[in-house]
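For clarity, every value in this text was computed on a predicted model and none was experimentally measured. In what follows, residues are counted from 1 in the order of the sequence shown.
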Amino acid sequence: MLQEKIKKAPPPSSGRSPSPSKLGEDWEAYVVPQEWESFSEEDHAVWDLLFARQVELLGSRVVSPFLDGIDLLRLSHPGVPDVEGLNAILEPRTGWRTVAVPGLVPDDVFFAMLASQVFPVGNFIRTRAQLDYLEAPDCFHDMFGHIPMLAHHDFADMTRHIGELGSAAIAAGEGHRAARLYWHSVEFGLAKEHGELKILGAGLASSFGESHFSLESGAVERLSFSVERAVNTPYKHDAFQPRYLVSESLEQTVAEVLALTAEEMLAL
Ligand SMILES: [Fe+2]
């Protein structure tokens, strides 16, 4: 369902596979040490290249709290960020922290992490030969795309709430509803800011090709955001989106999502 944007780890090293029926309760079993020391000079150089390229590409095309988060978290510091350094700034600010995972985690684990104010980041980075093609999200997508907005109190709170909605949706056999809500807000949402269309979602903010495409292409639909529309609008996980949901503001997205109860989501 969320396979391109959500981490899926192999069974924990203990060999004990978490039972799906536990709905993510074992999320800590998916956490691994980041082993920042094991990133090579080339890995750090790839981060620097991606960072410089994406910041220039985005310019002011992204909501301003994203740019504030980049500064606050000192993501412009050269090299792959280390998880502990990020957490030292992020956790006192919004209560969120990042943890390293080796790859995609199941949806129930991912939502349980969000509900616990924990964001999983890949413990690897793409190679120079794969700058624009990813089979699974790496630490550039996760750290550059997601973490800046988790320094924004209201957006961070909304993301936690989506985690809770996701756990409830999966328990009801309706996980796709929360996945769509997540997708059309946190990953691929657009939002107006002072009347201008801006990127809100991490999947767009971290994408070289889709960031401009989402804002400027005449070949896509841009529909007004509502939680009802988000929950009922399918998405593509392996191609540029054919439609984007546009909220009147970041604040509108946050307010609507925070007001949504699990029962309402399941009835939309
Ligand atoms: Fe993502």
Applying side chain to side chain contact (heavy atoms under 4.5 Å, CB included), run through Met265 and Val227 and close with a yes or a no. CA-CA 8 Å; Met265 174 188 60; Val227 289; over 6 Å; no
Ring centre gap for Phe144 and Phe66 strictly below 6.0 Å: yes
Closest non-hydrogen atoms of Leu181 and Ala230, given as atom of the first, atom of the second and distance, are CD1-CB, 3.9 Å
Just checking Tyr235 against Phe188, ring centres under 6.0 Å apart? no
Is any side-chain heavy atom of Ser207 closer than 4.5 Å to one of Leu204? no
Would you please indicate yes or no on a ring centroid separation below 6.0 angstrom for Phe140 and Phe51? no
Please walk me through it: do Trp36 and Glu84 pass side chain to side chain donor-acceptor pair (under 3.5 Å)? CA-CA 10 Å; Trp36 184 86; Glu84 295 308 319; over 6 Å; no
With a 4.5 Å limit on heavy-atom distance, are the side chains of Glu193 and Pro65 in contact? yes
In sequence, state the C-alpha distance, the side-chain angles, and the governing distance for Tyr244 and Glu221, and then conclude on side chain to side chain donor-acceptor pair (under 3.5 Å). CA-CA 6 Å; Tyr244 299 95; Glu221 281 185 290; over 6 Å; no
Where do Arg74 and Leu86 land on the side chain to side chain contact (heavy atoms under 4.5 Å, CB included) test, with the steps shown first? CA-CA 8 Å; Arg74 299 176 198 142; Leu86 282 182; over 6 Å; no
Do Val99 and Phe119 make a side-chain contact, defined as non-hydrogen atoms from C-beta onward lying under 4.5 Å apart? no
Which is it for Asn87 and Thr98 under the side chain to side chain donor-acceptor pair (under 3.5 Å) test, yes or no, and what are the steps along the way? CA-CA 6 Å; Asn87 290 344; Thr98 62; 3.1 Å; yes
Derivation of the side chain to side chain contact (heavy atoms under 4.5 Å, CB included) call for His141 and His146: CA-CA 7 Å; His141 166 77; His146 284 283; 3.2 Å; yes
Can Trp96 and Leu114 be said to form a side chain to side chain contact (heavy atoms under 4.5 Å, CB included), step by step? CA-CA 9 Å; Trp96 276 76; Leu114 298 189; 4.0 Å; yes
So, Arg126 and Asp43, do they make that salt bridge, N to O below 4.0 Å? no
Would you call Leu90 and Arg97 a side-chain contact if the rule is heavy atoms closer than 4.5 Å? no
